[in-house]
Trainee: 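Sharing a structure here in structure tokens format.
Numbers restart at 1 for each chain; the letters A, B, ... are given by sequence-line order, proteins then strands. Because only heavy atoms are used, hydrogens play no part in the values below, and waters and symmetry mates are left out as well, while side chains stay in.
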There are 2 protein chains.
Amino acid sequence: MSKSNNVYKDAYNRCLRLLDETRSLPSEPELGTLLGVSRTTVRTILARMEETGLIAWNKRAKTVLREPRPDDFFPEEETDTLAEIIERSFMRRLLAGGAEAGMQINELELAREIGVGTTSVREFLIRFSRFGLIEKRRNSHWVLKGFTRAFALELTEIREMFELRSAAAFAALPQDSAVWADLDRLEDEHRLLASEIATRFNEFSELDERFHRLIHRASHNRFIVDFYDVIAMIFHYHYQWNKAQERERNEVAIGEHLAYIEGLKSRDLGKVDAACRKHLKSARQTLLTSIPESRPPQKS
Amino acid sequence: MSKSNNVYKDAYNRCLRLLDETRSLPSEPELGTLLGVSRTTVRTILARMEETGLIAWNKRAKTVLREPRPDDFFPEEETDTLAEIIERSFMRRLLAGGAEAGMQINELELAREIGVGTTSVREFLIRFSRFGLIEKRRNSHWVLKGFTRAFALELTEIREMFELRSAAAFAALPQDSAVWADLDRLEDEHRLLASEIATRFNEFSELDERFHRLIHRASHNRFIVDFYDVIAMIFHYHYQWNKAQERERNEVAIGEHLAYIEGLKSRDLGKVDAACRKHLKSARQTLLTSIPESRPPQKS
DNA sequence: AAACTGTTTTTTCACGATAAAAGACATTAT
DNA sequence: ATAATGTCTTTTATCGTGAAAAAACAGTTT
């Protein structure tokens, strides 16, 4: 089967949404940058849109003929990257219990189970290894280290170190830096979300990530910025998995963020430090309580 | 060609060295753990040793018949992992100038040039990406970020953060911890090397790594321990590349290490901090001076 | 001439296949 | 009964291959 055309399908779907807004589409290169794909893919999209009667396409003229219908879209699941598919499957197994620390991971078995080639699984595991949850035995299998309490503590230790430093760097940024406007915008979003928390509490996770990434970027250190990928990944699955008191937790977190933002805006390093520490402490607590207590080793 | 048998060849060579010391070899499983390979590989080794008349092999009896000659060994270059070969080639290109930041990296070209499959190159690049020197453009090529001054500063910033914390953790370890004996042993090695510095100065690099890894391990944090891989990798190639005043530099570093060790042994956090800071500062300086000044962008 | 479209080439992504190496199972020796 | 050896099976490491996607080149249009 070689390679799926999910890039095309995903871009096609996104292009359909563009159709709603205009009478005619822009030039091929412009569409390319807009959708983040190459001209080759753009042309494949246009060809299909012409075929299905969505547009009339003649050289520069790309006139919209009709509005896209729901059945014009490719199904969601066909637009995913292989890497995403593998990650989801892998994390499901990992979190759905039965994933004891020390267990070995079998590339071939994983590949068969997910229905993909071994190369993709191998590459996924290599990429995934930087999250510190698995480890490779030379010339042999991978070992699962497990989503344990120790892991959470090690992760948050680094996170706190990095974020305190980033926050301090942030507060020291000159007044004319563009980040202050970004921060204002994020503050507004926080206030809005707080006011509609009853219905939109599940949108916090995404806002949370954007907020912390903004702060980490102020460190101007690629290792700090990159490390947020680890945190984001863990929290992403953590949010999916642990829905207990989600609304309350998020409400509290929004309040902490607002205090944190206020601290940053005051540019008073003491205040920044205190607000940051407070938020990180409760974030760590949330993560820790969600970790299943490790059973003592059992004799069978 | 599928897969080279470098594991076998390397283990075979190491096994030859064992032959010097004994009249007969131990059991297959024992040899396996000794050499770090499976029994399958052990048996391949034994079969060949029998063939070349090095041993007589009959079930449990594996009697050494003669001393190994130089031509019994497989050539060094055949014992390297593909990953090592690729890394060396890649780093040579990267350091041998002409590697401007922003340049794109071509998997296929690299693979052809080194004479390996693209899969191996891909896997190497994925693994290598955590060092922060390259970055992937989605669905497209890799981009070289370059071994720049900014990189060195970001790297050392994290290093200093991590090592100060690890050193403090180290000093706080209970007296009966095994690390103190390890530290004593390392101290002895440092003193010995210092006394023979004129001839053995190039052995420092390896000692340096062992010393710092010991300290980092005291953090009990996988992210800190793993980060030392980045540092080790950079310093490894840095040492190979920049031989200017190697002897003097290493002599100074040994002195700093000894002061650092003394600080740790005193368990006085102030002393530890001071000695650690001093050493890290000069390590950073050494690294920085070795980085070629980035030319201003040239119009051709 | 600048920006677009049409066409061709190159590169990336993913697979199945195969040898090396690991691991499991059965058998034999202490 | 334990621990070795002998044999067979499974898994990992690596390649070549082909389709998807990107990129380069050439020819048109404004």
Trainee: When all nucleic acid strands are considered with a 4.0 Å heavy-atom cut-off, which category describes Thr44(A): base, sugar-phosphate, or nothing?
Mentor: nothing
Trainee: If only side-chain N and O atoms of Asn6(B) are considered, is one of them under 4.0 Å from the OP1 or OP2 phosphate oxygen of dA13(D)?
Mentor: no
Trainee: Over all strands shown, is Thr41(B) touching base, sugar-phosphate only, or nothing at heavy-atom distances under 4.0 angstrom?
Mentor: sugar-phosphate
Trainee: Aromatic ring centroids of Phe162(B) and Tyr228(B) under 6.0 Å?
Mentor: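 No, the ring of Phe162(B) stays outside the 6.0 Å limit from the ring of Tyr228(B), centre to centre.
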Trainee: More than 12 heavy atoms of other residues, nucleotides or ligands under 6.0 Å from CZ of Arg17(A): is that the case?
Mentor: yes
Trainee: Ring-plane angle category for Phe151(B) and Phe147(B), please: parallel below 30°, perpendicular beyond 60°, tilted otherwise.
Mentor: tilted
Trainee: Using a strict threshold of under 4.0 Å (side-chain N to carboxylate O), is an ion pair present between Asp226(A) and Arg130(A)?
Mentor: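 No, no charged N to carboxylate O under 4.0 Å.
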Trainee: Could Arg213(A) and Asp229(A) be called an ion pair, given the rule that one side-chain N must be under 4.0 Å from one carboxylate O?
Mentor: yes
Trainee: Under 4.0 Å between a side-chain N or O of Asn139(B) and OP1 or OP2 of dA21(D)?
Mentor: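 False: Asn139(B) side-chain N/O out of range (4.0 Å or more) of dA21(D) OP1/OP2.
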Trainee: Would you indicate what Leu46(A) reaches in the nucleic acid, counting non-hydrogen atoms under 4.0 angstrom: base, sugar-phosphate, or nothing?
Mentor: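 Result for Leu46(A) = nothing.
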Trainee: Would you confirm whether the ring centroid of Phe227(B) sits within less than 6.0 angstrom of the ring centroid of Phe223(A)?
Mentor: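 Ring-ring flag for Phe223(A)/Phe227(B): true, centres closer than 6.0 Å.
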Trainee: Does the side chain of Lys62(B) get closer than 4.0 angstrom to OP1 or OP2 of dT5(D) through an N or O atom?
Mentor: yes
Trainee: So, does His141(A) get its side chain near the phosphate of dT12(D), meaning an N or O under 4.0 Å from OP1 or OP2?
Mentor: no
Trainee: Return no unless some side-chain N or O of Ser2(A) is found under 4.0 Å from OP1 or OP2 of dA19(D).
Mentor: no
Trainee: CZ of Arg43(B) versus P of dT5(D): gap in Å, rounded?
Mentor: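 These atoms are roughly 8 Å apart.
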Trainee: Choose from dT11(D), dT5(D), dC15(D) the nucleotide whose nearest atom is closest to any side-chain atom of Thr119(A).
Mentor: dC15(D)
Trainee: In whole Å, I'd like the distance from the NZ atom of Lys3(B) to the P atom of dG16(D).
Mentor: 16 Å
Trainee: Name the nucleic acid region contacted by Arg112(A), choosing base, sugar-phosphate or nothing; use a 4.0 angstrom heavy-atom cut-off, strictly under.
Mentor: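 If one applies the 4.0 Å heavy-atom cut-off, Arg112(A) turns out to touch the sugar-phosphate alone, with no base involved.
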Trainee: Between Leu108(B) (CG) and dA23(D) (P), how many Å, whole number?
Mentor: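 That distance rounds to 14 Å.
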Trainee: Hey, where on DNA chain C does chain B first and last touch, going 5' to 3'? Cut-off is any atom under 4.0 Å from a heavy atom.
Mentor: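 Endpoints of the contacted stretch of DNA chain C: dT11(C) to dA29(C).
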Trainee: Need one value for Lys9(B): base, sugar-phosphate or nothing, where a base atom within 4.0 Å counts as base even if backbone is also close, heavy atoms only.
Mentor: nothing
Trainee: If I take atom CZ in residue Arg60(A) and atom P in nucleotide dT28(D), what distance separates them, rounded to the nearest angstrom?
Mentor: 13 Å
Trainee: Per the salt bridge (charged side-chain N to carboxylate O under 4.0 Å, His left out) rule, which among Glu76(A), Glu78(A), Glu77(A) passes with Lys9(A)?
Mentor: Glu78(A)
